[in-house]
Amino acid sequence: MTEREEQVRLREYLRDKGDALPLPEVRARVAASFEAMEALLGPVTAERAAERPWPGEWSIHEVVDHLLLTHAPSLSELRDLLANRRPAGPPIPAGLQSADPFATPWGEVRAALVTQHAEVLRALDGARDAPTDARAPVIAVINVREADGRQAPLHWVEEIAWKAYAVFAFRLHTLDHITQVKKILGAARARAGRPAG
C-alpha cells in the first residue's frame, strides 16, 4: 500500500517533536497540553459537561471519560517502553468509552484526569534520557481529503519509541480533544446565547 503524505508528516512530527528532543522538552510539551486541558475544563459545570452538542456526538463528560480510559493503558505502555519492553497485547483502541460514562460524577471525573496527568508527568520525571530498542504499536487516526474532496479518517498502525509515544499518546491526543471540547463549548454558546462554562 502506498503511504500517504499525511502518514509521512505524522512520522516526521513524532521524530522531530518527540524522539529528537531532549526529555525536558518532551515533558514540558506534554505538561503544557495537560495544563491547557485542565484550564479549559476548570469552569465547566456538570450540567454543561453533560450536554451533547449534536445528536450522536460526545459531551464534554464523555470526552473526559474517554481520556481517562485511554490514558490509563497508555501510561502502562509508556512505563513498559521506558523499561525497554514492548507492551503486551494489541494497540489501544481509538474510541474507548465506559459502558456508562455518567456513572461517575463530573467533579470526580475531572479530578481523576488531573491525578492521571500528574502520574504521567511523574513517569517522565523518572525516565532516563536515552533511546531504547522497544517500540509500541499505536493506532494513528487522521482526517485526510479524498480525491472527491470529502474528509475521511485514515487509520493505520505505527510503531514508535518512548519519546514519540509520550508525544503521541498524551500531547497530541490531549490537544485533539481540547479542540473537540472548544467546539462543544462554542456550540453551546451559539445555541443558548450565553458564555461558555
Side-chain angles (χ1 to χ4, degrees), residues 14 17-18 21-52 57-83 85 87-129 134 136 138-139 141 160-185 188 196-197:
L14 292 174
K17 302 297 184 184
L21 291 181
L23 173 57
E25 286 187 50
V26 171
R27 189 214 185 269
R29 292 171 67 77
V30 171
S33 66
F34 288 170
E35 289 163 13
M37 177 62 92
E38 290 170 20
L40 184 61
L41 296 176
V44 175
T45 64
E47 294 74 24
R48 181 63 61 86
E51 293 174 359
R52 287 199 173 99
E57 293 290 330
W58 283 352
S59 66
I60 294 172
H61 194 124
E62 290 165 306
V63 170
V64 176
D65 173 77
H66 164 74
L67 286 170
L68 287 170
L69 285 182
T70 306
H71 285 177
S74 295
L75 178 56
S76 178
E77 290 194 348
L78 175 63
R79 288 178 173 140
D80 281 337
L81 291 172
L82 290 171
R85 289 189 305 265
I92 297 165
L96 288 178
Q97 184 131 61
S98 297
D100 182 5
F102 297 100
T104 304
W106 171 240
E108 290 178 32
V109 168
R110 194 171 55 194
L113 187 66
V114 172
T115 299
Q116 199 175 65
H117 287 167
E119 289 176 10
V120 171
L121 296 176
R122 272 195 300 275
L124 291 173
D125 288 338
R128 225 175 109 251
D129 196 356
V138 297
I139 298 174
V141 183
I160 56 178
W162 72 267
K163 284 185 184 178
Y165 188 94
V167 168
F168 177 87
F170 301 111
R171 178 174 168 76
L172 292 182
H173 191 213
T174 299
L175 291 176
D176 185 42
H177 289 295
I178 285 172
T179 300
Q180 183 181 16
V181 169
K182 286 180 177 177
K183 285 181 182 174
I184 294 168
L185 291 173

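Values reported hereafter were calculated over all heavy atoms of this structure, with side chains retained and with hydrogens, waters and symmetry mates removed.
Residue L82 comes nearest to A123 through the heavy atom pair CD1-O, 3.8 Å, listed as atom of the first residue, atom of the second, then distance. Considering every non-hydrogen atom in both P87 and L81, the closest pair reads CD-CD2, 3.9 Å. Nearest approach of H177 to M37, heavy atoms of both residues: C-CE, 3.7 Å. The nearest pair of heavy atoms linking Y165 to P73 is OH-O, 4.5 Å. Summarising the geometry of S33 relative to I178, their closest heavy-atom pair is O-CD1, 3.6 Å, with the distance given to 0.1 Å. The heavy-atom pair separating H71 from Q116 by the smallest distance is CB-OE1, 3.0 Å.
Here Q97 contributes atom CD and E62 contributes atom CD; the two are 5.0 Å apart, rounded to the nearest 0.5 Å. To the nearest 0.5 Å, atoms CG (L14) and CZ (R171) are separated by 12.0 Å. The line from NE2 of H66 to CH2 of W58 is 4.5 Å long, rounded to the nearest 0.5 Å. Rounded to the nearest 0.5 Å, atoms CD (E35) and OG1 (T174) are 11.5 Å apart. Distance NE2/H61 to CZ/R48: 16.0 Å, rounded to 0.5 Å.
Put simply, the side chain of L121 does not reach to within 4.5 Å of the side chain of F170, judged on heavy atoms. Looking only at side-chain heavy atoms (C-beta outward), V64 and W106 come within less than 4.5 Å of each other. Residues L21 and V167 are not in side-chain contact: their nearest non-hydrogen atoms beyond the backbone lie 4.5 Å or more apart. The shortest side-chain heavy-atom distance between L67 and H173 falls under the 4.5 Å cut-off. When side chains are defined from C-beta on, D176 does not count as touching L172, because their heavy atoms never get closer than 4.5 Å. With contacts defined as side-chain heavy-atom distances shorter than 4.5 Å, the pair I184/S59 does not qualify. For the pair V44 and L185, the minimum side-chain heavy-atom distance is below 4.5 Å.
No option in I139, T70, L69 other than T70 meets the side-chain contact (heavy atoms from CB on, under 4.5 Å) test with I92. Among L41, L68, V63, I60, the single residue meeting the side-chain contact (heavy atoms from CB on, under 4.5 Å) criterion with V109 is L68.
Here the side chain of T179 pairs a donor or acceptor atom with the backbone of L175 at under 3.5 angstrom. Using a distance-only test at 3.5 Å, with no hydrogens or angles considered, a donor-acceptor pair links the side chain of R110 to the main chain of G42.
Evaluation of the side-chain contact (heavy atoms from CB on, under 4.5 Å) rule for P22 yields P24, E25, D129 as partners, not counting sequence neighbours.
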For this session: Start with the C-alpha gap between V26 and W162, add the side-chain angles, then the distance that decides, and say whether side-chain contact (heavy atoms from CB on, under 4.5 Å) holds.
Result: CA-CA 10 Å; V26 171; W162 72 267; 5.5 Å; no
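E77 and S74 are not linked by any side-chain donor-acceptor pair at a separation below 3.5 angstrom, with hydrogens and angles left out of the test.
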